[in-house]
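Basis for what follows: all heavy atoms, side chains included, without hydrogens, waters or symmetry-related copies.
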Amino acid sequence: MATWRRDGRLTGSQRLLCAGLAGALSLSLTAPLELATVLAQVGRVRGPSQGPWATGRRVWLAEGPRALWKGNGVACLRLFPCSMVQLAAYRKFVVLFMDDLGHISQWSSIVAGSLAGIVSMIVTYPTDLIKTRLIVQNMLEPSYRGLIHAFSTIYQQEGFLALYRGVSLTVLGAVPFSAGSLLVYMNLEKIWNGPRDRFSRLQNFANVCVAAAVSQTLSFPFDTVKRKMQAQSPYLAHCGGVDVHFSGAVDCFRQIVKSQGVPGLWSGLTANLLKVVPYFGVMFSMFEFCKRIFLYQNGYILSPVTYKLTPGVDQSLKPQELRELKKFFKPRKLESKKPTL
């Protein structure tokens, strides 16, 4: 059994800001690998050189170095609303799966996280579709000039439902994604030959990376079909660069297997796996750094470069309670009273 806890020494806005900054930095640093993954999934990468390095070099020479970060601005902008929706949904699902003592099993926690991820993905799905469109377009001859222009253009040309093209694959892909995560977390004690409550930070980081790699590999075919459905449009040059023509999700699966074989469903997996370790490494490091800054600002630790606790401070107090306590015990200067006639 595992207890759902969070650091109460940070306010909700501080936690959200830490997660947002950490996610934006990790997305920005791994954006070229994300671009190589999407281009391989859509079918824009063809020829003898299909690796991430060859793809990045080809885009660099054809469109310039800034093209390696196509769509990254939209991906960073959607972090905050996506995180807010996911956090709110996760809290609701955790309450449903929690027992009377406030505990939740590992399986229920993974299911709650997957359901919250699905809800947030559906709510913010148009931004994900726009990110794919920005990545596959030629930066020198763009069809969309940004998020707002892409949203209005797709809505006017293709209708509102086009903004949710391929959303069903998000729901279907959550099943193997959750199964992969559960498969890893159920065997953690056997892998490390020890109890989970004694895992070091390095072990926890490795657990997250392995779980992400396994779950993303299992759900990658659904993500590949989703990317093709997002990119395909009769209003774009070469129908968005999609290498197969299809009428729906099932037909897309069939056409990929027919033209490229079953391995075609995992096109771009190498680039996707290469970004797992740097993505989570940067995200965890940045999150911990921001967390230390806010803990120091709130008065719980002595310095933002260390987790050394401030002597005499009750770490169980919430930030608001600690601030009120400081105000109460703040030394007051006694003002000398002037003599009155």
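- Minimum interatomic distance between Arg9 and Asn298 (heavy atoms only, all atoms of both residues): O-ND2, 3.0 Å.
- Side-chain contact between Gln203 and Ser200 is present, with at least one heavy-atom pair separated by less than 4.5 Å.
- Proximity of Ile256 to Val225: side-chain heavy atoms (C-beta onward) are separated by under 4.5 Å at one or more points.
- A donor-acceptor pair under 3.5 Å is absent between the side-chain atoms of Gln232 and the main chain of His245, judged by distance alone.
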Practice item. Verify side-chain contact (heavy atoms from CB on, under 4.5 Å) between Leu77 and Thr127, making sure each step is shown before the conclusion. Key: CA-CA 9 Å; Leu77 286 175; Thr127 57; over 6 Å; no

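- Atom CZ of Arg57 has 12 or fewer neighbouring heavy atoms from other residues, nucleotides or ligands inside a 6.0 Å radius.
- Between the side chains of Tyr90 and Ser109, at least one donor N or O lies within less than 3.5 Å of an accepting N or O.
- Judged by distance alone, the side chain of Thr37 and the main-chain N or O of Asn272 form a donor-acceptor pair under 3.5 Å.
- Nearest heavy-atom pair across Val123 and Tyr164 is O-OH, 3.9 Å.
- Between the Thr30 side chain and the Ser26 main chain, a donor and an acceptor come within less than 3.5 Å of each other.
- Using modelled atom types, one side-chain atom of Gln14 and one backbone atom of Thr11 make a donor-acceptor pair closer than 3.5 Å.
- Formation of a donor-acceptor pair under 3.5 Å by the Tyr279 side chain with backbone atoms of Cys209 is not found in this model.
- The salt bridge (Lys or Arg N to Asp or Glu O under 4.0 Å) with Asp243 is formed by just one residue from the set Lys228, Arg227, Lys258; it is Lys228.
- In plain terms, the two heavy atoms of Ser219 and Gly173 that are nearest each other are CB-O, 3.4 Å.
- In this structure, the side chains of Ser143 and Gln137 come closer than 4.5 Å at one or more pairs of heavy atoms.
- Ring centers of Phe222 and Phe253: under 6.0 Å apart, within the cut-off.
- Figure legend: Arg254 and Phe246 shown without cation-pi pairing, the cationic atom not lying both under 6.0 angstrom from the six-membered ring centre and within 45 degrees of its axis.
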**Study point:** Chi angles and distances behind the side-chain hydrogen bond (donor to acceptor under 3.5 Å, both in side chains) call for Gln230, Tyr125
**Key:** CA-CA 10 Å; Gln230 287 178 336; Tyr125 189 82; 3.1 Å; yes

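- A heavy-atom distance below 4.5 Å is not found between the side chains of Thr310 and Tyr296.
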Point to revise | Chi angles and distances behind the side-chain contact (heavy atoms from CB on, under 4.5 Å) call for Gln260, Val257 | key: CA-CA 5 Å; Gln260 306 170 23; Val257 175; over 6 Å; no

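- Rounding to the nearest 0.5 Å gives a distance of 4.5 Å between NZ of Lys226 and CG of Asp223.
- Applying the 6.0 Å contact sphere to CE of Met139 captures more than 12 heavy atoms from other residues, nucleotides or ligands.
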Exercise for review: Applying side-chain contact (heavy atoms from CB on, under 4.5 Å), run through Thr153 and Tyr235 and close with a yes or a no.
Suggested key: CA-CA 10 Å; Thr153 302; Tyr235 297 93; over 6 Å; no

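- Linking Ile, Leu, Val, Met, Phe, Trp and Tyr residues whenever their side-chain heavy atoms come within less than 4.5 Å places Leu96 and Val111 in a single cluster.
- Of the possible donor and acceptor atoms, none in the side chain of Trp266 sits under 3.5 Å from a partner among the backbone N and O of Phe220.
- At least one side-chain heavy atom of Asp314 sits less than 4.5 Å from a side-chain heavy atom of Leu317.
- The SG atom of Cys290 sits 11.0 Å away from atom CG of Leu295, with the distance rounded to the nearest 0.5 Å.
- Taking all atoms of both residues into account, the shortest heavy-atom contact from Pro52 to Leu33 is CB-CD2, 4.1 Å.
- Taken to the nearest 0.5 Å, the CG atom of Asn72 stands 9.0 Å off from the CD atom of Glu34.
- The two atoms that bring Val277 and Phe205 nearest to each other are O-CZ, 3.7 Å, heavy atoms only.
- No side-chain heavy atom of Thr55 sits under 4.5 Å from any side-chain heavy atom of Trp60.
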Review point. Can you check side-chain contact (heavy atoms from CB on, under 4.5 Å) on Val167 and Val171, steps first, answer last?
Key: CA-CA 7 Å; Val167 68; Val171 180; 5.7 Å; no

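- Under a 4.0 Å N-O distance rule, the pair Asp7/Lys291 qualifies as a salt bridge.
- With no hydrogens or angles considered, a side-chain donor-acceptor pair links Tyr144 and Arg133 at under 3.5 Å.
- For the pair Val282/Ser28, no side-chain contact is recorded, criterion being any heavy-atom separation below 4.5 Å from C-beta on.
- No side-chain donor-acceptor contact under 3.5 Å links Gln216 to the backbone of Ala213.
- We find the SG-NZ distance between Cys76 and Lys131 to be 10.0 Å, quoted to the nearest 0.5 Å.
- With sequence neighbours left out, Phe80 forms a ring pair (Phe, Tyr, Trp, His ring centres under 6.0 Å) with no residue at all.
- The distance from the CG atom of Leu147 to the CZ atom of Arg78 is 10.5 Å, given to the nearest 0.5 Å.
- Connection of Val276 to Ile191 is established within a shared hydrophobic cluster, with ILVMFWY side chains joined at heavy-atom distances below 4.5 Å, either directly or through further cluster members.
- Classified by interplanar angle (parallel below 30°, tilted 30° to 60°, perpendicular above 60°), the ring pair Tyr155/Phe160 is perpendicular.
- Under the 4.5 Å side-chain heavy-atom criterion for Ile, Leu, Val, Met, Phe, Trp and Tyr, Leu309 and Leu325 are members of the same hydrophobic cluster.
- Residues Gly264 and Thr224 approach most closely at O-CG2, 4.2 Å, considering heavy atoms.
- The side chain to side chain donor-acceptor pair (under 3.5 Å) test applied to Glu63 returns Lys70, not counting sequence neighbours.
- If you run side-chain contact (heavy atoms from CB on, under 4.5 Å) between Lys190 and each of Leu188, Asn187, Asn193, only Asn187 comes through.
- Both Met186 and Val214 are assigned to one and the same hydrophobic cluster, defined by single-linkage of ILVMFWY side chains at heavy-atom distances under 4.5 Å.
- Leu129 and Leu236 end up in the same hydrophobic cluster when Ile, Leu, Val, Met, Phe, Trp and Tyr side chains are linked at under 4.5 Å.
- Judged purely by atom type and a 3.5 angstrom limit, Trp69 has no side-chain atom pairing as donor or acceptor with the backbone of Ala31.
- In terms of modelled atom types and a separation under 3.5 Å, the side chain of Thr306 and the main chain of Ser303 share no donor-acceptor contact.
- The one candidate from Gln157, Glu158, Arg165 that meets the side chain to side chain donor-acceptor pair (under 3.5 Å) condition with Ser233 is Glu158.
- The distance from the OG atom of Ser316 to the OH atom of Tyr300 is 8.5 Å, given to the nearest 0.5 Å.
- Surrounding CD of Glu141 are at most 12 heavy atoms belonging to other residues, nucleotides or ligands under 6.0 Å away.
- Formation of a donor-acceptor pair under 3.5 Å by the Ser178 side chain with backbone atoms of Val175 is not found in this model.
- Taking the side chain as every heavy atom from C-beta outward, Leu269 and Leu273 approach each other to under 4.5 Å.
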